[in-house]
There are 2 protein chains.
Amino acid sequence: MSEKQNYHHGELRDALVEALRELIERDGPDGFRIAEACRIAGVSTAAPYKHFKDRADMLRAVCLSAMQRLEGHMMDAADAFPAGDPQRVVRLGEAYIGFARAEPGVFRLMFGLTEDHKDDCELKKLSDSAEDIVARVVADQMKISPDDQDARLRAYALWCFVHGHCFLELDGKVDPHTPETQSALLGMIATSIVPLTA
Amino acid sequence: MSEKQNYHHGELRDALVEALRELIERDGPDGFRIAEACRIAGVSTAAPYKHFKDRADMLRAVCLSAMQRLEGHMMDAADAFPAGDPQRVVRLGEAYIGFARAEPGVFRLMFGLTEDHKDDCELKKLSDSAEDIVARVVADQMKISPDDQDARLRAYALWCFVHGHCFLELDGKVDPHTPETQSALLGMIATSIVPLTA
DNA sequence: CTTACTAAGTTAGCGACGCAAACATACGGG
DNA sequence: CCCGTATGTTTGCGTCGCTAACTTAGTAAG
């Protein structure tokens with residue numbers, strides 16, 4: 001794989017997704033060009049269409065991989081402390097925010113897709129699973145079932161808060177927060193929305 | 001102004017902004033085409049460039065007018081109940097959510113702009129003023145000064161929540177809420193984040 | 001009223017991009 | 001060994017954003 005320039009790339013699909021990810025970070029979800037991703041991957045501009053239907057399909061693939069990564073980070077955060085530890089909620093929020101800051105371009109992309117992706121089963125499944133993680137942590141905290149209506153509602157509220165915080169910061173609508181302010185904020189929210197015990 | 005086809009449009013700039021707004025709602029913030037806006041306004045495809053520097057500049061104008069509208073709705077909501085009435089917080093949130101639902105396209109646009117708009121003074125001033133409205137209502141509720149640190153923090157938390165809720169719903173990441181669920185949610189959040197008295 | 005300047009349109013055209021068609025090359029199973 | 005299929009390449013079409021050069025309308029001065 002080193003120097004011999006094979007006619008067939010071998011792993012073009014993955015290479016393109018990675019190149020697109022970089023470009024989206026550099027130029028934003030709309031500013032990037034497919035042609036440039038091809039140049040990075042070392043193929044012609046028509047090559048991607050052997051692996052993707054069109055531009056939207058490529059974006060979808062980038063989204064999918066990003067979603068899996070985000071979910072991974074959330075899982076890690078949820079498992080970093082034992083069930084019931086109040087720190088879990090804060091850590092979960094920090095993981096989400098951390099991802100948004102590390103990959104603002106794809107983060108925006110994931111949550112800024114237009115209607116034609118709404119009925120994408122794979123994506124929906126992943127965001128549902130993200131919601132489930134939040135619900136599980138919140139339910140553990142409240143010592144009730146994750147299926148409990150109240151738990152789900154509070155989990156959703158928590159998600160809304162963190163999600164909104166990410167976007168407002170990314171968009172520069174608010175002055176950036178120091179780590180301390182944000183910690184305080186997260187702590188306040190966590191205890192406000194999620195009671196210490198049911 | 002009726003049937004005489006003037007060579008000069010007269011109010012082309014405003015007409016274009018309005019046409020763009022419609023198209024953004026129909027095709028999304030990225031899907032629209034300038035040429036189509038020209039057709040709607042009844043001018044050639046080169047005409048817009050007498051009023052706007054480029055596409056980004058047009059979007060900026062659409063954003064600006066949308067921001068003013070949103071701020072107007074928020075002001076109305078804040079004034080619908082007397083200072084101190086707990087309903088003010090809920091109404092404010094509903095106004096924000098209502099705008100996002102009524103104009104999802106421009107709402108996404110307003111908060112999805114890439115970095116080149118971050119240093120736009122006019123836009124920043126408007127979003128600051130929106131934040132001020134929230135802070136004022138929250139401070140009234142808590143019977144403290146709007147400049148109080150705690151008030152501003154809680155106002156921001158409230159904004160985050162409502163903002164995140166809007167996007168998650170717009171993006172179809174969650175199942176849509178019935179008006180009742182949303183009311184309950186808003187009420188719960190409002191009382192959680194904003195204590196009845198200081 | 002004429003004249004000259006400017007604002008605000010027009011047409012024509014360039015260059016880039018997304019995408020499709022037709023062709024070329026490598027791999028892999030009978 | 002051979003053929004089918006997957007995966008590349010080259011070529012080209014249509015569209016779009018934007019510019020240049022020209023035309024028309026309004027306005028202010030003499």
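What you see is a predicted model; the values in this text were computed from it and never measured. So that the names make sense, note that chain A is the first sequence line, chain B the second, and so on, each numbered from 1.
- B:Tyr156 is linked by a side chain to side chain donor-acceptor pair (under 3.5 Å) to A:His165, counting only residues two or more places apart in sequence or in another chain.
- Under 4.0 Å is where a charged nitrogen must lie from a carboxylate oxygen, and between A:Arg33 and A:Asp27 no such pair does.
- We find that CD of A:Glu11 is positioned 11 Å from P of D:dG8, with the value rounded to whole Å.
- Salt-bridge check for A:Arg152 with A:Asp132: passed, with a basic side-chain N closer than 4.0 Å to an acidic carboxylate O.
- B:Lys50 places its NZ atom 16 Å from the C1' atom of D:dG17, with the value rounded to the nearest Å.
- Residue pairs that meet the side-chain hydrogen bond (donor to acceptor under 3.5 Å, both in side chains) test with at least one member in residues 85-104 of chain A, sequence neighbours left out, are A:Arg69-A:Glu103, A:Arg88-A:Asp140, A:Tyr96-A:Trp159, A:Tyr96-A:His163, A:Arg101-A:Glu169, A:Arg101-A:Gln182.
- The CG atom of A:Leu16 sits 9 Å away from the P atom of D:dG8 (whole-angstrom rounding).
- The interatomic distance linking A:His51 (NE2) with C:dC19 (P) rounds to 16 Å, in whole Å.
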Donor-acceptor list for residues 39-53 of chain B side chains, cut-off 3.5 Å, not counting sequence neighbours:
none

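- The distance from atom CG of B:Asp14 to atom C1' of C:dA8 is 15 Å, rounded to the nearest whole Å.
- Between B:Asp128 and B:Lys125, no side-chain nitrogen of the basic residue sits less than 4.0 Å from a carboxylate oxygen of the acidic one, so the salt-bridge criterion is not met.
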Just the atom pairs and distances: protein N or O near nucleotides 14-18 of chain C's N or O, under 3.5 Å.
unit_1, atom_1, unit_2, atom_2, d
C:dC17, OP1, A:Arg33, NE, 3.3
C:dC17, OP1, A:Arg33, NH1, 2.3
C:dG18, OP1, A:Ile34, N, 3.4
C:dG18, OP1, A:Arg55, NH1, 2.9

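- Salt bridge B:Lys173/A:Glu131: absent, no basic N to carboxylate O contact under 4.0 Å.
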Provide a list of protein-nucleic acid N or O atom pairs under 3.5 angstrom, restricted to nucleotides 11-14 of chain D.
none

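- In this structure A:Asp150 satisfies the side chain to side chain donor-acceptor pair (under 3.5 Å) test together with A:Arg154, sequence neighbours excluded.
- The separation between A:Arg13 atom CZ and D:dG8 atom P is 12 Å, rounded to whole Å.
- Between the CE atom of B:Met58 and the P atom of D:dC16 there is a distance of 14 Å, rounded to whole Å.
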